[in-house]
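A, B, ... follow the sequence lines: proteins, then strands. Residue 1 opens every chain. Note that the structure is a prediction, hence the values are computed from the model and not measured.
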Amino acid sequence: MAFEKIDKRPAFPKLEEGVLQFWQETNAFEKLREMNRGNKKWSFLDGPITANNPMGVHHAWGRTYKDVFHRYHAARGHDMRYQNGFDCQGLWIEVEVEKEHGFTNKRDIEKYGIGKFVEECKARARHYAAIQSEQSKRLGYWMDWDNSYYTMSDNNNYSIWHFLKKCHDEGHVYKGKDVMPWCPRCGTGISQMEMNEGYRETDHLSVFVRFPIVDQNGSSPEGKEALLVWTTTPWTLTSNVAAAVKSDMTYVKVQCDGWIYYIGKGNFEAARKQPVEGPIAKTAPSLMSIQAIFKNAGGFEVLGELKGSELVGWSYRGPFDHFEGAAEAKENHRVIAWDHVTESEGSGIVHIAPGCGGDDHRLGREQGLPSVAPLDDHGEFMAGFGELTGRRFVDVASDIAADLKSRDLLVAREKYFHRYPHCWRCKEELVYRLVDEWYINMQWRDRIAVVTKTARWLPSWGLDRELDWLKNMGDWMISKKRYWGLALPIWECDQCGHFDVIGSREELKERAVAGWDQFEGNSPHRPWLDEVRIKCGRCSHDNVPRVKDVGNPWLDASIVPFSTMGYFEDRDYWQKWFPPEFIVEALPGQFRNWFYALLAVSTMMTDKAPFGTLLGHGLVLDDQMEEMHKSRGNAIEFNSAADKFGVDVIRWMFCDHSPERNIAFGPVHIDEVYAKLIRPLWNTYAFFCDYARLDKYDPTEGVLPVDRRTDLDRWILSDLQGLIELADACYSHYDTHTFCRRAQRFVDDLSNWYVRRSRRRFWKSDWSDDKLAAYDTLYEVLTTFCQLIAPIMPFMTESMYQNLVVNQRSDAPASVHHVRFPETDASRADRTLSERMSQFLRVVSMARAARTEAKLKVRQPLAELRVQPGSDGEADALRQFEDHMLEELNVKKLTIDPDVSNMCQVSVRGDMKVLGPKFGKQAGAINAALKEADGTALAGQVEKNLPVPVSVNGTVIELESADVIVEKSYGDDWAAQENMETVVLLDRRITHELKMEGIARDVVRQVQNLRKQADLNIEDRIVLSLESEGEIAEAIQTYDEYIRRETLADSVATSQFEGAVAKIDVTFGRQSLAIGLSKA
RNA sequence: GGGCUCAUAGCUCAGUUGGCUAGAGCGCGUCGCUGAUAACGACGAGGUCCCAGGUUCGAGUCCUGGUGGGCCCA
């Protein structure tokens, strides 16, 4: 079958749709799996994508890598599992379902019904999993889509039960009472991992408050004395228990406005600054120093200094001692010592509310202080806090300030800007609350670190980052007071406090004493599992309920090396596929999320790393390098990008990029890939098909042995071997970046040198070895290159392969993705040849520069190009490729001259910029004298960096070499280019003969243009009329045969004829030419 | 305060165990070429390879210290 004619500028997105259809109709993926089944395996583990929204272009980066390495390993014949995963459980889904219903808090959900709510969460996950599957297929992602795993599956949930029980058996599960960041809207604690997502700049009302001193270690103050305290969260003053100072810090005693204050000395004097950066810092009002505040309040007097340690033990009156809720604190108001107090923030005396802050709570525990916890689940004040009861903590700051003022406790108020944590999902301000949560302690972190070090991290600093996290992380909070998620398999006895962790469904069935019937037949989620009661493992209580909490979603995603690989059902299968050789995910965040959780779970289960190599990649940003956000309107949906640009180009763009850097996504960058790679490659392919079709080239007929092909052929084949070798090394080391760069350079060499230099060989009308060699070579290069980039651009290569291979050979594999990866052929690799060509190309570039310098168009033949080679290799290269130089530069002769210095006149002139300031009025005379002097001799001095003597009006002045400029000249007859040792000289003298030939070439060019305008096919023959006079007529006559051959003219008339389909009048100099042509 | 990381042309970035005369693409300007190529080529403007020391025959590359950005931890 003939080669198809190729559309030069196809709509690639449409082409890709066609290929998708082809794959589907031919079951291409299933056939590939069948071919490789049972072979050596390559094991991959997919990090589940959150099935909560359609994919954005940023999802395509990681998924491109995943597909690329799958395809490469398939081409290596490896058997693979091809399993994609969906992350289904967790708050992010709940939040979206809540939005659909317009729910604002947990009460709404409970009213609606937990069962119904949970079912809708499941449905949402399934819905978006289906959409993402379709989108992934469009990306060309070959996966076993019917076998995707879902983290909400019973299997996955029960697998986590097993893990948690194992943790419990080793004594790592505990219930902790701690102050946690809490989202009052979601009604749940926020783990350390999640916290980091939500820091945002915001402003709060902060206050300076006085705590009136009651007792100073036995004596009472005579007048009004107070501790000065500062806080950015006035609501926490309701729960103040103590005030902390640093023992060795200096404090000042200051009188102001009838009070005597104690304040950190550094704090008192220091200028204060809003701790924010960027635009917000400009709008934020500047902060007054405490000193300035006092000055404004009517002036102050410093009465003395003392150490923090002297303050310790004093007692004071708290700001809200009248609230019943704070009763416990009232007895405990005293000054304590704490190392964390600093001079750089606040007043140097820190208000401590152990029920309202993490550090406060730890300090309170050490010091045996009571905790006052004023807020409920919704962030509202509980009973016992007077008029605040029932109000939300976010709303009360200014009322509290007003109340303090009315009770003479407020010193100052200000707007304070800082970074404050917000809920990463719903953006609500977080609050620190004292709550009960479930934890896995991380005393075994060293065990995880050992395992972590056994994996290969790309980029390599990832390991250090992960180890750093392991070292610093706190215990893993695994509970969440929500609805949709892993139902924690913890049953806690409300009579004796004992808790049991259940490790499997079977175990639960055995232990169940009630509610099993209601549960059976449902998934292990709320509310169904909540029905099941067991008998306490310690006391006699026989109606023990499950704790209501659901689990941390990173548990769901990190059990998958076990749950999805048959750890529980088919241990042999698991043994075969675990550990996966490769995982790849986006870097930001995952060190403390998936990577961490995966390592922790796998360490607990097997003490083995859950991956051999981890590849991390950066973020996808918009073309201004800004993060993409839906709200900002710069997010790009996957579908729209695929429809508009096509996915091959997107895949290449991602693969071409250095993974650890963020990537800018935008039309400009897409176009770059088209311009740099796709268009030249496609055009080379189209060029080949055009001529191969006309010539009826048959690649299945005997291929010409390589040693009978030209140097040019053997060069491109040799470079191709280098590229194969590199491709193999890069793919197997998960480095597409290096490969893509080299592949682009290869396409450039192919298109702009090999094809450009070989064009005429394809145009020849009759078959010869040379022509066959050109076809065989270009065919081999195109088909092989196709295989090399097929993993990255699966669509375009498929289309090329169908035309180049399947249509030609009946025995060819049906898809480009069924073909084994190319092997290097040592007989085709020729390092010397490759090296020579690159040396040669350097000289060609210099010769072109000389052409430009000569201001003579390439159409005009010139007599001679003379080269002084910079090395022996370069001389060899020039001899070897002489013909190419002659043709490319359109010169008659190439002379290799080992020393051209005899053609060169050297002159030395003064550098007036230097001479002027140095010699003043004399400079002109010096310069004139330099011109007179023996340039060669002076230049010799300059080269040796010796003094340059010059005689001016009888006196000899010695110039430094920096004072002069050496100029070389090869005269008017030669255009010169020099670079290091290489010198290229182009004879710019045009003889009458050369001129005639130049005109003939010009005529040909004009005719060719006219053919193009007349829309003729390249093979169409024409009749031509050329009406001219003088030199043009002479040239046409002399080069009659040449003109006819080049333009496919059957006849050339010297006057116009009737019926010309295209005409043009042109002038060369003062002479004119009228051209007319029509189809023969 | 600690950890990791980055810093190369106006922009986006290459630069592989130290061998560099520091490159590419985009953008800008000029000229040229073109029967595969809305392509391409040549030339021009644009660099203290963040700074300072050190190791070395030789440092963009390695080491130390600093400055600035990013991420993380506290």
Side-chain angles (χ1 to χ4, degrees), chain A residues 6 8-9 192 195-196 199 277 340 342 344 358-359 459-474 587-589 591-592 618-619 621 623-625 656-658 660-664 666 668-669 671-691 726 729-730 733 735 737-738 740-742 744-745 748 751-753 755-756 758-760 762-763 778 844-860 870 888-890 977 979-982 1001 1004-1005 1007-1013 1016-1020 1046-1048:
Chain A
I6 302 306
K8 301 275 183 348
R9 291 181 73 79
Q192 195 187 353
M195 266 279 282
N196 294 296
Y199 273 95
E277 284 164 6
H340 286 54
T342 77
S344 60
D359 285 341
S460 57
W461 51 261
L463 172 62
D464 294 328
R465 179 66 74 80
E466 191 63 52
L467 292 174
D468 187 51
W469 165 258
L470 287 171
K471 199 170 70 197
N472 290 304
M473 74 196 173
L587 286 174
F591 291 108
R592 57 170 189 274
L619 292 172
L621 308 176
D623 48 6
Q624 301 303 308
M625 293 302 270
D656 181 42
H657 200 77
S658 176
E660 62 190 283
R661 283 177 178 273
N662 295 340
I663 188 169
V668 178
H669 304 91
D671 284 347
E672 223 173 288
V673 177
Y674 272 116
K676 273 195 303 199
L677 180 89
I678 296 181
R679 232 172 275 141
L681 176 61
W682 191 260
N683 284 322
T684 302
Y685 162 62
F687 169 87
F688 172 85
C689 291
D690 270 351
Y691 287 97
L726 182 87
C730 286
H733 290 91
D735 173 13
H737 169 63
T738 304
C740 286
R741 291 196 162 256
R742 282 281 295 273
Q744 268 159 216
R745 207 159 68 212
D748 186 60
S751 160
N752 287 318
W753 191 245
V755 173
R756 179 188 163 91
S758 301
R759 269 184 292 197
R760 291 184 163 266
F762 294 92
W763 297 344
L778 186 54
V844 170
S845 157
M846 287 176 67
R848 285 192 183 122
R851 262 282 180 187
T852 307
E853 154 91 22
K855 295 208 190 310
L856 291 168
K857 47 193 171 189
V858 178
R859 252 170 287 143
Q860 175 59 60
E888 185 68 15
L889 271 296
N890 197 15
Q977 282 293 315
N979 188 313
M980 300 177 76
E981 297 301 306
T982 311
R1001 278 190 66 152
V1004 168
R1005 174 170 172 252
V1007 174
Q1008 304 290 36
N1009 274 346
L1010 207 54
R1011 284 185 59 120
K1012 209 173 185 177
Q1013 278 170 34
L1016 298 187
N1017 288 322
I1018 48 174
E1019 69 274 21
D1020 289 340
E1046 290 293 313
T1047 61
L1048 298 182

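- Rounded to an integer number of Å, the gap from CG of Leu463(A) to P of rC72(B) is 19 Å.
- In this structure Arg759(A) satisfies the side-chain hydrogen bond (donor to acceptor under 3.5 Å, both in side chains) test with no other residue, sequence neighbours excluded.
- Under the side chain to side chain contact (heavy atoms under 4.5 Å, CB included) criterion, Asn752(A) pairs with Asp748(A), not counting sequence neighbours.
- Residues passing the side chain to side chain contact (heavy atoms under 4.5 Å, CB included) test with Asp735(A) are Cys730(A), His737(A), Thr738(A), sequence neighbours excluded.
- Side chain Ser845(A) to base rA42(B): no donor-acceptor pair is found below 3.5 Å.
- With P as the reference atom, rG3(B) and rG66(B) are 10 Å apart, rounded to whole Å.
- Residues Glu660(A) and Pro459(A) approach most closely at OE2-CB, 3.7 Å, considering heavy atoms.
- The existence of a salt bridge linking Glu1046(A) and Arg1001(A) is excluded, since no basic side-chain nitrogen approaches an acidic carboxylate oxygen closer than 4.0 Å.
- Listed by chain and residue number, Arg1011(A), Leu1016(A), Asn1017(A), Lys1079(A) satisfy the side chain to side chain contact (heavy atoms under 4.5 Å, CB included) test with Asp1020(A) (two or more places apart in sequence, or in another chain).
- In this structure the side chain of Ile6(A) reaches within 4.5 angstrom of the side chain of Trp682(A), judged on heavy atoms.
- Residue contacts for Asp690(A): at a heavy-atom cut-off of 4.0 Å it reaches no nucleic acid atom on any strand shown.
- Of the two residues contacting RNA chain B, namely His737(A) and Ala686(A), the nearest-nucleotide position lying further toward the 5' end is that of His737(A).
- Contact check for Asp656(A) versus Gln744(A): side-chain heavy atoms found under the 4.5 Å cut-off.
- rG2(B) and rU61(B) have their P atoms separated by 25 Å, given to the nearest Å.
- Annotated stems with RNA chain B as a participant read B:1-7 with B:67-73, B:10-13 with B:23-26, B:28-32 with B:40-44, B:50-54 with B:62-66, given as range with range, by first number; only runs of 3 or more Watson-Crick or G-U pairs under 3.5 Å qualify.
- rC49(B) and rG41(B): their P atoms are spaced 28 Å apart (whole Å).
- For the P atoms, the distance from rC50(B) to rC40(B) is 31 Å, rounded to whole Å.
- Computed from coordinates, the Phe687(A) CZ to rC40(B) P distance equals 17 Å when rounded to whole Å.
- Phe591(A) pairs by the ring-ring contact (aromatic ring centres under 6.0 Å, His included) definition with Phe595(A), not counting sequence neighbours.
- As a whole-Å value, the separation of Tyr674(A) OH from rG25(B) C1' is 18 Å.
- Taking atom C1' on both rU67(B) and rU48(B), the two are 16 Å apart, rounded to the nearest angstrom.
- Judged as a side-chain hydrogen bond (donor to acceptor under 3.5 Å, both in side chains), and not counting sequence neighbours, Arg679(A) has no contacts.
- Note: NZ (Lys676(A)) to P (rG27(B)) measures 12 Å, nearest angstrom.
- Considering only residues two or more places apart in sequence or on other chains, Ser751(A) meets the side chain to side chain contact (heavy atoms under 4.5 Å, CB included) condition with Pro680(A), Thr684(A).
- If you take CG of Leu889(A) and P of rG41(B), they are 15 Å apart, rounded to a whole angstrom.
- Using a 4.0 Å heavy-atom cutoff across all strands shown, Tyr691(A) reaches sugar-phosphate atoms only and no base atom.
- Contact annotation for Ser658(A): backbone-only contact, meaning every heavy-atom pair under 4.0 Å involves sugar-phosphate atoms and none involves a base.
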Using a cut-off of 4.0 Å between protein heavy atoms and nucleotide atoms, how would you tag nucleotides 28-34 of chain B 5' to 3' with B, S and -? ----SSB
Protein and nucleotides 4-12 of chain B: nitrogen or oxygen contacts under 3.5 angstrom:
unit_1: rC4(B); atom_1: O2; unit_2: Arg465(A); atom_2: NH2; d: 3.0

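- In this structure Tyr674(A) satisfies the ring-ring contact (aromatic ring centres under 6.0 Å, His included) test together with Phe12(A), sequence neighbours excluded.
- Contacts of Ser845(A) classified as side-chain hydrogen bond (donor to acceptor under 3.5 Å, both in side chains), with partners at least two apart in sequence or in another chain: none.
- Put simply, Tyr685(A) has no side-chain N or O that comes within less than 4.0 Å of OP1 or OP2 on rA36(B).
- Taking atom P in both rU17(B) and rA59(B), the straight-line distance is 16 Å, to the nearest Å.
- If you take CG of Asp748(A) and P of rG25(B), they are 8 Å apart, rounded to a whole angstrom.
- Both Thr738(A) and Val668(A) lie near RNA chain B, and the one whose nearest nucleotide falls closer to the 5' end is Thr738(A).
- Rounded to whole Å, the C1' atom of rG60(B) lies 14 Å from the corresponding atom of rU16(B).
- On the P atoms, rC4(B) is 24 Å away from rC13(B), given to the nearest whole Å.
- One interatomic measurement links the two molecules: CZ of Arg745(A) to P of rU16(B), which rounds to 13 Å at whole-angstrom precision.
- Note: CZ (Arg741(A)) to P (rG15(B)) measures 7 Å, nearest angstrom.
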